[in-house]
Amino acid sequence: MDFLTIMNQVLIIFLIVIVGYVAAKLGYITQPVRRGLIELLINIAIPAMIIVSFDTELPASALGN
């Protein structure tokens, strides 16, 4: 992967974390909202990411490894 692509992805994640932190400090993310977000991540987002990760093409040389 290209260095700029990786840095772009890290920056996006960092911005998402900052927005979440600020929203929690301002009271927009309460305990029930937090619980709902956790359930959404565990039950939907993470399994979907696992399924999508299998949709990559591997070169023939990777099969030997």
Enumerate donor-acceptor pairs with a distance under 3.5 Å from any side-chain N or O in residues 31-54 to protein atoms, sequence neighbours excluded.
| from | atom 1 | to | atom 2 | distance (Å) |
| --- | --- | --- | --- | --- |
| Q31 | OE1 | R34 | NH1 | 3.3 |
| N43 | ND2 | E39 | O | 3.2 |
| S53 | OG | I50 | O | 2.6 |

Under the side-chain contact (heavy atoms from CB on, under 4.5 Å) rule, collect the residues that match up with L26, sequence neighbours excluded. V22, Y28

side-chain contact (heavy atoms from CB on, under 4.5 Å) partners of L15, counting only residues at least two apart: L11

